[in-house]
Every structure is written in structure tokens, then in C-alpha cells.
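Here the structure comes first, spelled out in C-alpha cells, and everything after it is commentary.
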Amino acid sequence: LRSEDNEPYINLAGSISPKGYFLLERSDNATVSDVKADQFYTGSIFDGGEVFKLGIKGKNSTTTIDKTMIRKSNRYYPWPAGSNDGKKTMERINPQKTGDDEYNWGTNIYLIKNGKDAKGDIITGTPKSRNSFNYLITQNSLIADRILSKENSPYFVDNGWLKIPAGVTLTIEPGVVIKFYSSYAFAGLYAEGDIKAQGTEKDKIIFTSFFDDGYGGDLNSDATSTSPSVGNWRGIHILSSGAGSVFSNAVFRFGGGYFLGDPGYEKANLFVKDADIDIANSFFASSTTYGLSLYNSDSRIIAGVFENNAVGLYSVSGKPEISNSVFSGNKQGLVLNGGSAEVKNNRFESNADFAFDAVGSPIDISGNSGSNNGYNGIILRGDITQANAASILKPNSDFPYILDGHVNVVASSTLTIEPGVVVKIKDNGFFNVLGGEVIAQGQNPSDIIFTSIKDNSVGGYTLNSTSTVPQAG
């Protein structure tokens, strides 16, 4: 390795393993005090820019393998990257491209760094490890299909939308970790194209905060000085032209960041608008607002886990299918606002305000259960039928329907209440039949029950208390 003026001139010794690193330090091992050097050299590097060449020396000639470049036309900034301000290192962006391409060099991202200098301060670089720029999926938008491999994981999205245009597919292999950094909660994936993220039970795909050291390691080498929190990054947005997207065995954590004035329904780890996609065996946690938000979407959610969000899952319009999922430790578990939905065989545990709220939603609900929620049951509000259509209230396991305010069976509609259903009514609850028809036919008086929300003798402890006592009126 030598500069064009042969100062320094370094006869390299030793070996580099495939995809390994080789650290040169000047004079002694103190330059990078906590990372062992592979070789020392003498001489200096000129701040005004130098071209270095890596070559193999033969008997009569030297074959150049790679070389760097300088910007000869720029006397003030001849190096293509790096900075004396903060001592930020110059890094090759793509190791598959040559070093004489000016645009294949970048200045350390500053967030991703390792190693300490002679004074014990963290170096703004990555000695003997992966360059910070190499963690980036891309610097701007994807312009062609891309596969993210487990071998090159983790990946990094820095402080802005990474856009996936219509017609482009981002495929993410099992075991990949993608970390997002936002100074103003702006980092995320914005998909007009497709995202194919299909992990396995053993190798899940992770979308999380840059500060989440539990996945992808401690990229900023600060140990416990920083930690992740809700809203650290924006989220993943899937739009109508991204309807080919699919997620399975994926983990979403610490998203939902937003700006004032953003539409409320977008504040989610994963937001799907005007697209119908499959989401299976996936985990949504620690979002500012919604773990998963659906807008006019008939998506299918199977075996999901929604934990420690303000709202586990929120759906506006559309007809999603939600089954075999667990809602636990959220402020609010599941909220349906308009549209209709099929909600079957889900479990609701310890959601502080309520487990399940359906506003103006003709719904197909059965086999759900829950305990230790603010309200243990399915809150119904507004119209629960549609004109010229039939709806059915089906039984759940000690998980009654709760009438809150005016609950309406609209004109020219039919509501059938099946045996085994328990309907509990809040103090302000009304069951209004507005020209529609209600069919409630059991074989015994206890088959279908209408009672107070304070009645613990049927349908479980709806108010999560053993001391509530119903009274006449």
C-alpha cells in the first residue's frame, strides 16, 4: 500500500480473512486504543489529499488492485469525504465498487462508530469493522428490486423516508434486522411498491429503533447511555400500489413517530392504506399510538401479538379479518371505526382502558375471550347493521357485548342474536331498533341474556371487579 509519492510506502504483512478487516496504525497501538492493530507504519498522510494504491508487487512490476482518488479541481476539499471537524473518517460506501469513484466515498454517519482514541474518547469511525455507510439500504429511493440478506444484516435507515417506488420490490430475508434513526421521528419505509418480509419462527425479521441494542447490536457503541422509546421512528407505510406486500414472522418496535398535523391514523409501527395484504405471526409493540393501523383495508391478520401500544390495532373502513391474535398490555386493545370486520378467536389481556371497541361497524365476531381489561368485553356503539343486509351477534367465551350509548339496528336490516350471547348494557346504553328486525330465539331463558354491565353472574367480570352489584333501573 503506497501513496503516489511513496510517502508512506507500506509493505503489508500477514493475511486478511474473507470479508475481514485489517487495521493499520501509525507508530504504535495507541491510535486506536481498544482495537488491536494488524500492522504499524511510519510516515504521514497529507491533509491536502493523496492518492493511495493497493497493489501486488512482482519481480519486475506492480499490479494495482485498487486505488483512492482526490478532487484535484477542489483545492479546499481535495479528499472526496471525511472531515477534520469532529475527526470524521472517510469511508467507502460500496465495497464492490472501486475506490477511484468520487461518489463511492462518504463521511462517517456519526451515529455508527466504534473504537476509542488514545484519550479514551469514541472515534467517529469504524476501525476494523463495517463502514457506517455500508449499513444503509440506500441513500435515497430504491431504483430497482433489492434483496436484503441476513449475511449483511443489520441495515440502517437514517432520518428520512426510504421510498420504494411503484413497480419496485424490496425483499427481506429471514433474520434481517433494520434499524431506524430519527432526530425528528421521520425515518421509515414508504412503500408504493412491494415489501416482501417473510421470516421464520427461528429467524424473525426485525424493524426497530436505532437505539434498540437487543436487535442488531449496539451500533453507536454507547452501552446503556441511550435506550429505545416509543416513537423513535416513523413507521412503515404501505399504499395501494404496494398491495403485493406481505409480512410474516416480523417484529415491529418503537415506531409511530409523527409531526403535528399528521393524520391520526398514520401514527403506527405499520400503516396500510387502500391495500389488502397478509400479515401473519407478527409482533407489534411500543408504538406511540397504533401497533398496526388499517385504512380502507381488507387485510388479513393471523396470529399477531399486539403489546404495550397506545392502541394495539386500529381499523377505519374496510373489512379486515383478524384471527387467533393476542392483545396484551395496551391502553386500548382493538378499535374498529366504521366499515366491517371478521374478528375470531382472539385473546385480550390487561388492556387498560378496554379490550375491544367497535364504532358503527357491522361485525362478525366469535370465539374471543379476555380478562383483566378495563372493560372485559366488546363495546358496541352506533349502527351495528347495514340497510338491506343481515348481521349476526355470535357468542364469545365470558366476553359479552357491551352497549355504550345508542346502538342501532337500522331500517331494512336484520340482526340475529344467537344462543349463548350475553349483552350487557352501560348506564347510558340504548338498544334502538330503527325500522329493522331483531331475531333472538333461544330454547331456554338463559340462552340469550340482556343485563346490566354490573352483573357478574353471567359473562364474567366485565368491569374487572368482583364488587360491582346490579340494581333495578
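What you are looking at is a predicted structure, and each value in this text was computed from that prediction instead of being measured.
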Are [X] and [Y] ion-paired here, with the side-chain N under 4.0 Å from a carboxylate O?
{"X": "D121", "Y": "K116", "value": "no"}
{"X": "K344", "Y": "E321", "value": "no"}
{"X": "K424", "Y": "D455", "value": "no"}
{"X": "D298", "Y": "K319", "value": "no"}

- [ ] Taking the six-membered ring for Trp and the single ring otherwise, decide whether the centroids of F180 and F210 are under 6.0 Å apart.
- [x] no

TODO: Kindly state whether the ring of F348 and the ring of F399 have centres lying under 6.0 angstrom apart.
DONE: yes

TODO: Step by step, work out the side chain to side chain donor-acceptor pair (under 3.5 Å) result for N232 and S209.
DONE: CA-CA 6 Å; N232 273 166; S209 164; 2.8 Å; yes

Open item on the list: Is it true that, when you exclude I16 itself, more than 12 heavy atoms of the residues, nucleotides or ligands shown sit nearer than 6.0 Å to its CD1?
Closed with: yes

Open item on the list: For the NZ atom on K163, are there more than 12 heavy atoms of other groups (residues, nucleotides or ligands in this structure) within a distance under 6.0 Å?
Closed with: no

Residue of the set [options] for which side-chain hydrogen bond (donor to acceptor under 3.5 Å, both in side chains) holds with [X]:
{"X": "R347", "options": "S397, S328, S371", "value": "S371"}
{"X": "Y314", "options": "N337, T289, N309", "value": "N337"}
{"X": "N351", "options": "N376, N372, N373", "value": "N373"}

TODO: Determine, step by step, whether F271 and L294 satisfy the side-chain contact (heavy atoms from CB on, under 4.5 Å) criterion, reporting the C-alpha distance in whole Å, the side-chain angles of both residues, the deciding distance to 0.1 Å, and the verdict.
DONE: CA-CA 6 Å; F271 169 60; L294 307 174; over 6 Å; no

Quick check: closest heavy atoms across [X] and [Y], and the distance to 0.1 Å?
{"X": "K36", "Y": "L23", "value": "O-CD2, 3.9 Å"}
{"X": "A303", "Y": "S325", "value": "N-OG, 3.5 Å"}
{"X": "T468", "Y": "K454", "value": "OG1-O, 3.2 Å"}
{"X": "K113", "Y": "T126", "value": "CA-CG2, 4.1 Å"}
{"X": "T385", "Y": "V410", "value": "OG1-N, 2.9 Å"}
{"X": "N220", "Y": "I122", "value": "O-CD1, 4.5 Å"}

- [ ] Measure from NZ or CZ of K128 to the centre of the six-membered ring of Y21, then state whether that distance is under 6.0 Å and the direction lies within 45° of the axis.
- [x] no

- [ ] May I ask you to check if R130 and Y135 form a cation-pi contact, with NZ or CZ under 6.0 angstrom from the six-membered ring centre and within 45° of the axis?
- [x] yes

TODO: Could you go through the side-chain contact (heavy atoms from CB on, under 4.5 Å) check for I365 and Y401 one step at a time?
DONE: CA-CA 10 Å; I365 300 175; Y401 296 95; 3.8 Å; yes

- [ ] Report the C-alpha distance between Y375 and F356 in whole Å, list the side-chain angles of each, state the deciding distance to 0.1 Å, and finish with yes or no for ring-ring contact (aromatic ring centres under 6.0 Å, His included).
- [x] CA-CA 8 Å; Y375 285 92; F356 184 174; over 10 Å; no

Is the closest side-chain donor-acceptor distance between [X] and [Y] under 3.5 Å?
{"X": "N345", "Y": "N368", "answer": "no"}
{"X": "N108", "Y": "K88", "answer": "no"}
{"X": "R253", "Y": "S286", "answer": "no"}

Task: Note, L415 side chain near I439 side chain (heavy atom, < 4.5 Å) - done: no

